[in-house]
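See structure below.
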Amino acid sequence: MESRVVNKGQISELLDKLAKDYNLFAPVKDETMTLFRRVSGAQDVLLDYNNSDISPKGCFLPQNEKTFSYMYTGDSLEINKPEGAQKTVLFGARPCDIKAVLTFDPVFEGVKFGDEYYSSKRENSIIIGLSCTKVLSTCFCYAMGGGPCDITGSDLLLTEIGDKYYVEVITEKGQALVDAYSQIFAKQDTAQLAKDKDELAKKLSGEFVRKVDLTGVKELMDNNFELPYWSGDDQKKCISCGICTYVCPTCHCFDIFDYTTGDFTGDRIRCWDSCMYPEYTLEAGGHNPRPTRKERIRNRFMHKIKYHLDRYNMVGCVGCGRCVIKCPVNIDITKIINDLKEVAQNA
Amino acid sequence: MMNLAQQLQEQAKKLLEEKKVDLVIGFGQGTELARNTPVFIDSPEGVSALTWGPFCANNLAKYLSDYNNAPGGTAVVVKGCDARSVNRLLDDNQILREKVVVIGVPCPGQLEWQKVSAEIKPGSTLKEVVDNGDSYTVKTDSGDYSFSKKDYLLHRCLVCENPNPVISDITIGKELPVKNYEERFAEVQDLEKLAVNEKSAYWDKQFTRCLRCYACRNVCSVCTCEVCVFDQMMPMWVSKRTNLSENTAFHITRAFHVAGRCVDCGECDRVCPMDIPLRKLNVKIHKDLGDLFNSPTPGTEPGLISPLGGFSPGDPEEFM
Amino acid sequence: MPNPTALTPYPATITKIDVEAGDTKTFTVVFDDPEIMENFGNQPGQVCMLSAFGEGESTISITSSPTRGKFLEFCVRRVGRLTSVLHQMEVGQKIGVRGPYGNGFPYEMMKGKDLFFIGGGSALAPIRSLIDYVLSDQYRSDYGRVEILYGARSMDDVLFKSDLAERWPAIQNTKIYTTIDRPEEGWNGHVGFVPPFIEEVAPTPENKIVILAGPPILIKLGLAVMEKLGFKDEQIITTLEMRMKCCLGKCGRCNVGSKFICVDGPVFSLAQLKEMPPEY
Amino acid sequence: MFKRLLEYVGFEPGRFKARWISGSEGAKFTTTVKEMTETIKSLGPNKKMRDDII
């Protein structure tokens with residue numbers, strides 16, 4: 001498809017317009033944090049950021065979501081579902097986080113069962129990506145098939161070049177959007193900008209300091225469920241908090257429960273849950289298939305590097321590095337991958 | 001002269017060789033230059049993994065209760081603040097004194113690794129850290145970087161009460177002077193001065209961010225309940241729904257649950273992925289405990305009875 | 001057909017409650033919308049999500065066979081939050097039901113074969129749907145001899161007492177074996193745990209399929225006995241249980257390796273189980 | 001202690017009260033409850049920890 005140009009000076013105008021016409025989700029500064037929130041205009045948006053503290057996955061799978069509300073008086077039962085999603089634009093998401101949304105798709109729009117809540121949001125939203133300008137020491141998207149300027153999953157991808165944004169139109173949805181705001185998305189000769197973007201991508205791809213290589217890891221995992229490795233330091237130091245799963249853009253597990261104020265009415269809520277919690281798999285009868293941190297850690301990492309791959313033919317990790325940054329005890333997926341490789345080579 | 005890390009390794013080796021302990025819990029190099037991580041060493045050959053420096057933020061006393069039922073003894077490397085946890089765990093009968101060897105290291109303050117990391121060229125390797133008193137110099141293969149303690153230390157370290165471990169079987173390094181301890185209530189006092197609605201607005205803003213990952217609870221060395229009230233399904237006291245009211249209920253309960261036992265190691269505050277200033281809740285309780293009961297920080301001496309865990313006829317009855 | 005994307009249950013009414021044992025009741029449930037009841041299309045071995053409004057949901061296996069009529073039966077042991085609430089409910093009260101989920105038993109593959117059912121404790125509930133299916137007038141002639149070996153902790157814990165004592169033995173070419181863990185006054189049957197009892201009964205593997213259901217320990221020990229008796233992995237079918245929230249393969253918790261119990265199971269052959277990590 | 005903590009996180013003073021009342025102190029119980037209801041009425045409906053929308 002084609003490409004366009006937005007002058008930096010016009011980005012506020014674009015954001016204000018988008019906020020007026022759509023539900024606009026964009027990165028904002030909340031004290032020390034960078035988070036994706038719904039914004040009312042350009043004034044709240046922060047585009048000069050490296051990696052948001054929490055990924056924008058909440059746009060498609062909110063931490064709390066009402067699936068329906070009910071009223072049950074004993075005689076009559078009424079169930080009301082919420083309306084479908086409104087038109088939404090997710091603006092300024094980084095390529096790794098957008099790739100993560102693609103790992104959600106087969107889960108929620110699966111072969112057997114879809115998910116109306118997710119699909120409705122996904123169908124009604126446009127994703128405007130923003131290429132990275134910097135590589136952090138914790139980043140490793142290149143090793144997971146992505147890249148700092150990767151277009152995968154975006155409807156539009158903006159790349160900051162000098163005082164302009166180079167805009168790549170990737171999908172029909174993106175095309176419709178640039179046509180609707182054609183006074184901002186200028187039609188210009190973009191040959192130079194395209195070259196500059198390639199240069200930037202090349203420069204950034206040389207800046208990764210973490211050496212991660214997935215080759216052979218899945219094959220090792222296929223044949224080795226029990227490895228002494230899982231009884232090592234990682235499971236000893238893990239504190240079973242949910243940080244890694246909540247900050248992870250590809251973690252999609254949830255819990256479902258009712259929320260009532262004690263009268264006849266209430267809401268059924270689904271909310272994020274974490275496989276690192278002991279109660280996650282605890283059955284009512286008291287049996288727990290993953291009773292200790294060892295099984296839980298193994299399950300989480302196997303899910304990322306094997307199970308998701310087995311099931312959906314996609315690695316369940318995009319290399320955003322958030323779990324590496326936020327883990328209180330420095331459990332590091334890149335170290336685990338490298339260690340497993342070493343185990344493989346010695347086996 | 002050996003540096004502190006070498007001395008630590010020496011001592012750990014001795015303990016393991018003489019079979020005084022089966023396990024040494026200490027700090028090892030993490031996966032980032034400015035980060036250390038807990039390591040669990042069970043053989044004399046493994047001690048070379050032990051390190052020491054201003055990136056040893058974790059409170060390793062947290063792990064002691066995991067090994068309480070282990071057949072052999074456990075040695076743990078503690079800073080001053082962590083040592084208070086050891087005392088507290090002993091007082092709560094969570095660990096047995098004879099099974100624990102405390103390796104105390106006087107601590108001149110821990111750096112905030114993310115702040116430090118942001119300034120160092122990615123991919124550098126650490127060579128050495130030099131303590132200049134008011135600052136640290138981090139020497140790497142990509143050059144030397146200087147970090148002033150005022151700007152780069154964890155806040156808890158700026159107002160440290162016990163740089164020297166309050167309980168220790170083996171002490172490594174020299175005793176350090178106490179600095180700026182008097183200022184530790186300053187932040188709480190600032191908040192107390194606000195009007196009710198301003199306080200409410202301040203905390204609402206903080207609690208709204210909460211993800212309920214429970215890292216603050218799980219990292220806490222004195223949170224030792226077998227089943228936590230927040231995990232209980234029957235009855236479900238606090239809903240898993242992450243909204244302001246449930247989050248507020250969680251944070252008030254968490255803070256108050258450790259009232260009188262919280263040793264102010266500041267780990268909850270450090271690990272919070274959403275930067276909620278949790279220490280401001282705990283320190284408020286410490287301040288009130290001091291004001292009302294003249295009670296010192298829990299864990300500063302062995303055998304301290306928490307004013308909330310005992311009764312004396314002289315207790316103030318503020319609420320009557 | 002039930003809406004496969006829905007996390008929303010259909011309203012249903014409890015029409016009958018049978019007390020099976022001290023902590024176990026069987027609920028007969030009918031959808032309020034006759035059309036949904038007509039088209040529900042549940043297969044033996046499938047499960048449903050039951051809702052008690054205000055308390056949430058729980059996965060419960062359908063214990064009735066579709067051959068028995070347009071209703072669903074759920075045999076529920078009081079173990080947790082939702083099941084306790086269900087146990088307090090009365091006939092006429094409304095619950096929510098969504099489903100049917102899971103793969104169900106491969107009853108087509110079993111045609112022409114002898115069947116040997118092994119159930120321990122409350123795990124008779126999920127296989128009862130298949131027992132009733134193969135013993136129904138409609139399909140009885142498709143299957144060979146049907147034997148059922150059932151063990152409970154005590155006499156009081158024996159489920160579906162009238163099925164075991166009267167209804168099933170009355171059907172031609174069937175045999176029922178029952179056992180309880182410890183001797184008890186008034187019990188004339190076998191005493192002892194299920195795995196040694198299987199060895200005692202010693203079913204032969206020729207042209208036979210074994211359907212084994214029970215707590216994890218019984219599955220583990222039972223499988224060992226069956227292998228010893230010469231059964232091949234493909235001849236042994238079992239049904240697993242794990243904590244579930246969505247039953248749609250999304251909420252994550254019921255995975256055993258790359259498989260989700262809720263959509264890929266709950267029914268697996270031993271051959272399939274051996275491909276999966278032992279994490280159930 | 002708890003009262004101070006509640007006020008610190010922004011509950012209005014007076015919303016939380018603790019009293020020791022023995023089973024034999026009926027009169028004290030009534031006056032306490034009366035006092036408490038008066039305080040609460042004058043404070044108006046609680047705004048803190050009310051359910052918000054998701």
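Just so it is clear: chains get the letters A, B, ... in the order the sequence lines come, proteins before strands, and each one is counted from 1.
- Per-residue heavy-atom pair counts under 4.5 Å with chain A were compared for Leu211(B), Val39(B), Asn58(B), Leu60(B), and the maximum is reached by Leu211(B).
- Heavy-atom pairs under 4.5 Å with chain B peak, among Val247(A), Thr245(A), Ile54(A), at Ile54(A).
- Distance NZ/Lys236(A) to CD1/Ile25(B): 9.5 Å, rounded to 0.5 Å.
- If you measure heavy-atom distances from Tyr63(B) to chain A, the contacts under 4.5 Å come from the side chain alone.
- Most heavy-atom pairs under 4.5 Å with chain A: of the set Ala57(B), Cys216(B), Ala215(B), this distinction falls to Ala215(B).
- With a 6.0 Å radius and a threshold of 12 heavy atoms from other residues, nucleotides or ligands, Asp190(B) has its CG atom above the threshold.
- The two residues Leu35(A) and Met274(B) have their closest heavy-atom pair at CD2-CE, 3.6 Å.
- Taking 4.5 Å as the limit, every side-chain heavy atom of Asn36(B) sits out of range of all side-chain heavy atoms of Asn330(A).
- Here the shortest heavy-atom pairing between Arg35(B) and Val324(A) reads NH1-O, 2.8 Å.
- Ionic pairing of Asp66(B) and Arg293(A) is present here: one or more N-O contacts between side-chain nitrogen and carboxylate oxygen are shorter than 4.0 angstrom.
- Here the CZ atom belonging to Arg217(B) is positioned 9.0 Å from the OG atom belonging to Ser240(A), to the nearest 0.5 angstrom.
- Residue contact with chain A, scored on non-hydrogen atoms closer than 4.5 Å, is absent for Glu267(B).
- Side-chain contact between Thr242(B) and Trp272(A) is absent, with no heavy-atom pair separated by less than 4.5 Å.
- No donor-acceptor pair under 3.5 Å is formed between the side chain of Asn64(A) and the backbone N or O of Arg241(B).
- Atom NE2 of His287(A) sits in a crowded spot, with more than 12 heavy atoms from other residues, nucleotides or ligands closer than 6.0 Å.
- Other residues, nucleotides and ligands contribute at most 12 non-hydrogen atoms within 6.0 Å of the NZ atom of Lys134(A).
- A heavy-atom distance below 4.5 Å is not found between the side chains of Ile239(A) and Tyr214(B).
- Under the 3.5 Å distance criterion, with hydrogens and angles disregarded, no donor-acceptor pair is assigned to the side chains of Thr138(A) and Glu32(B).
- Between chain B and the residues Asp332(A), Asp53(A), Ile325(A), the largest count of heavy-atom pairs under 4.5 Å involves Ile325(A).
- Residue contact with chain A, scored on non-hydrogen atoms closer than 4.5 Å, involves the side chain of Tyr67(B) exclusively.
- A heavy-atom distance below 4.5 Å is not found between the side chains of Glu31(A) and Asp275(B).
- Listed options Lys62(B), Gln114(B), Lys205(B) were ranked by heavy-atom pairs under 4.5 angstrom with chain A; first place goes to Lys205(B).
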